[in-house]
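First comes the structure, then the notes that go with it.
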Amino acid sequence: MNTNQAEDFNTVINISHLTKRFGDLVAVDNLDLRIFQGEVFGFLGPNGAGKTTTINMICGLSKPSGGKIIFQNYLNQNNTNIRAQIGICPQENIFWTKLTCREQLHFMGRMYELSAGLSKKRTTELLEMMGLKEKSNVLANKLSGGMKRRLNICMALIHDPEILVLDEPEAGLDPQSRVLVRDFIKSLKRDKTIILTTHNMDEADRLSDRVAIIDHGRLLSLNTPSWLKKSIGKGDLVEIILETEKFQRADEMVNSLKKLCKQVKFSEKVLIIKSKGLIGLIPGITEIINNHGNKVKEIRLRENTLEDVFIYFTGRKLR
Amino acid sequence: MKLLSVINKCTREQIRNFWILILTVSMAPFFVFIYYLIIESSKPHYDLLILNQDNGIQTMGARINYGDLLVQSAEEFQNGTPEIPLSITKSDNKHTALKRLRTQKTDALVIIPENFSEVIHNPDMANDTINAEIEFIGDLTNINYMVSAIWANEILNQYMQELTQENEPIKIKETSLGFSGSINDFDLVVPGILILSIIMLMFSATVAIVTEVEQKTIIRLKLSKITAFEFLSGVSIVQIVVGLISVLLTGIIAHLLGFDFRGSFGSLLLIAVLTSISIIAFSLILAAITKTVSEVLIVGNFPLFLFMFFTGAAFPFEAKELFTIAGYSVTLPGLMSPSHAIIALRKILILDMGLKDVVPEIIVVVLLTIIYFLIGIWAFKARHMKVE
């Protein structure tokens, strides 16, 4: 089986030439991407980039103006079977305010045609996993913000869907809840295909197997977070603090370093070097420093972050 | 079963939306009580003022004033019929009499003309130009004037009959249909208020549906395996139960206040259920044009008032016939299903008719319900369920 065949085999959602227009506005513009079985697929983009519109089309809540979304081998044209395989945790908490946590999870289970027994079992399990067991019989509108968010995630999972769409799952959560939710999402990896949209780059970096960056409805880049971080911008940055009181042949040293890395700055006792793939260059850098009679006291390395990647692709302009 | 789960969920929500439930089921019983108080504290009474301007005549050495005798006859009528709420007062001055009429201290003024005795004494002299013209003055739009004028006319006829010693060639025999002869004003409004108790469902049913739109939980339902029909059926069943509770409470209060239920309970129940379904179907139209509960409370007032005041629910209401279909009158308020339900209930509860006598009304209610449902489901799907 070659790579293409393996990708075809693993593809859960195949999006091709997907377009959505609202009058003159093109919200999603000829989008092509594949989402694989068991991966966490991060969707990044600024506000109005077309993330939610794409997700709505994937879930069947919105009709594409053009293109196709193929689920394994089914076309998503109001196919209720496909819808039932998707669990969605929308950006805003959606639930029945006058039902308790247990009641609404059980109700949704029944709406997905789970048996009464299975629905109750799943309800209990999810409430336990999300730390809401003690709030089982509390009305949803009486829960704290974090609890509501966790309940929202439970609602997406009650019918044990194959595809889980999480729109900003950590929004509004306190650090403890964030860790709980993150661990929970990690625990679902491989078992489910997860589509994650977020503005939290750290969250996307930690959770996603692959990240798609979209803006103005177009796919700008799609790859693993580490590949994206390595591939763009001015590269990583290293700060080297030298031990020596009197610098030996400083200009000569800097010139030698510039042959190895593009950007080298030297002031006071600190050398600041920027380059792509900098980690691999560090042994050579230290050798040049030593050869010029200087000694390294401390090395501080900062890799490109996903935020750098995001800004690189989408710019700094406010939306 | 998804339907049972929807019923279960809607029942819990309805009970927990305590104030909406209380307002829905208590409005009509409260109306019954208010009507009872109003009717009991304002028994109808009619004031008739008579101004005698008759000059009288001199005959056989004596002076006779037939106008005075007419007034005397009217007073005797009043004393002899205490069950009739009619007061007769004499007036000596036209200016004062008109002032009393304008200030609504009297309902009707009867003026006996100056030549009254003359014309009575010599009936042969009466012709096209000379006759005794008794004048009735009053506010023609006032029902009290109309009733007072009818009584005045009756007194005048009796007096003339006694005077002329002529037998009445035609006598009128009045036979009441059903129990209509023995009912009072309160009995007359109860059928309408029973239907009003169902009309009040318009708010709770619309709120039950629109809440799903406002809270966006309709998205969850759209993504699940439930159909719009199953969901709306579940909501409707709970609302029908609320409607029946409201009808039952209204009926109990009306009975405690003196309303005597006649006709079959089964017929009443059938009409109540059909009307509830009809109102729920109409609520779907209302739900289609609103997005939030606040909008329901504002926009909903318009159809609610139409249904309350122009169907005969709040008070008996007769509308002009536009045309007939198979002998059944079609009126403008007839486009509102409660108007037919009220007619049917009046037939059953007041006129002692059976279910077969209200078949036309039932057919119209069912037809209108189907029309409401078709419009409602189309509009609701287009506004809230459409995948754009």
Side-chain angles (χ1 to χ4, degrees), chain A residues 20-23 27 53 56-65 76-100 102-116 119 139-142 152 155-156 158-159 161 163 165 167, chain B residues 1-22 24 204-205 207-235 237-239 242 291-294 381-388:
Chain A
K20 180 70 183 180
R21 290 186 199 89
F22 295 104
T53 309
N56 282 346
M57 286 191 281
I58 291 172
C59 296
L61 291 170
S62 179
K63 216 184 264 179
S65 308
N76 181 25
Q77 295 295 331
N78 295 323
N79 190 324
T80 52
N81 289 329
I82 290 169
R83 285 188 186 183
Q85 293 308 317
I86 301 175
I88 183 163
C89 168
Q91 197 168 344
E92 49 185 320
N93 298 321
I94 296 179
F95 40 67
W96 289 270
T97 52
K98 294 289 178 184
L99 294 185
T100 66
R102 182 177 293 281
E103 283 167 355
Q104 49 201 316
L105 283 172
H106 182 54
F107 172 67
M108 275 316 294
R110 299 293 281 154
M111 293 304 100
Y112 280 106
E113 295 182 349
L114 301 186
S115 68
S119 177
L139 292 182
N141 61 347
K142 303 279 181 196
N152 213 28
M155 298 278 275
I158 185 69
H159 56 299
I163 301 162
V165 179
D167 199 352
Chain B
M1 248 178 99
K2 284 176 287 196
L3 180 66
L4 281 178
S5 296
V6 175
I7 293 171
N8 187 315
K9 169 215 166 246
C10 291
T11 307
R12 287 172 194 273
E13 286 183 313
Q14 191 69 67
I15 292 167
R16 287 168 190 167
N17 277 319
F18 185 71
W19 285 109
I20 291 178
L21 181 64
I22 289 292
T24 304
S204 67
V207 166
I209 299 166
V210 167
T211 304
E212 302 285 349
V213 177
E214 189 174 13
Q215 292 182 345
K216 297 189 179 172
T217 42
I218 198 153
I219 293 173
R220 294 212 180 280
L221 296 173
K222 273 157 83 174
L223 289 171
S224 74
K225 291 183 175 176
I226 193 169
T227 62
F229 180 76
E230 283 172 313
F231 172 67
L232 292 172
S233 299
V235 173
I237 289 168
V238 175
Q239 292 302 319
V242 173
K291 271 186 170 177
T292 63
V293 173
S294 314
K381 276 188 169 177
R383 183 90 197 276
H384 301 307
M385 303 283 276
K386 195 177 171 188
V387 177
E388 292 175 338

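Below, chain A is the first sequence line, B the second, and so on; all start at residue 1.
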Distance, nearest 0.5 Å, that separates OG1 of A/T97 from CD of B/Q215: 4.0 Å

Main chain of B/S5, side chain of A/R110: is a donor-acceptor contact present, judged purely on distance under 3.5 Å? no

Can you tell me how far apart CE (A/M111) and OG1 (B/T227) are? Round to the nearest 0.5 Å. 10.0 Å

At a heavy-atom separation under 4.5 Å, does A/S119 approach chain B through its side chain, its backbone, both, or neither? neither

Are B/L223 and A/I86 close enough that some pair of their side-chain heavy atoms sits under 4.5 Å apart? no

With a 4.5 angstrom heavy-atom cut-off, could you sort out which part of A/I88 is near chain B: side chain, backbone, both or neither? both

Excluding sequence neighbours, so at least two apart, what forms ring pair (Phe, Tyr, Trp, His ring centres under 6.0 Å) with A/F107? A/W96

If I take atom CG from residue A/L114 and atom NZ from residue B/K225, how far apart are they, to the nearest 0.5 angstrom? 8.0 Å

Under 4.5 Å from any heavy atom of chain A, what part of B/E212 do you find: side chain, backbone, both or neither? side chain

Taking every non-hydrogen pair under 4.5 Å, which of A/Q104, A/H159, A/E92 racks up the most with chain B? A/E92

Of the listed residues (B/I15, B/V6, B/T211, B/N8), which shares the most heavy-atom pairs with chain A below a 4.5 Å separation? B/V6

Taking B/R220 for the side chain and A/I94 for the main chain, is one N or O donor matched with an acceptor at less than 3.5 Å? yes

Heavy-atom pairs under 4.5 Å with chain A are the metric here; pick the option from B/R12, B/E13, B/K9 that has the most. B/K9

What residues, two or more places apart in sequence or in another chain, satisfy side-chain hydrogen bond (donor to acceptor under 3.5 Å, both in side chains) together with B/Q239? B/Q14, B/S204

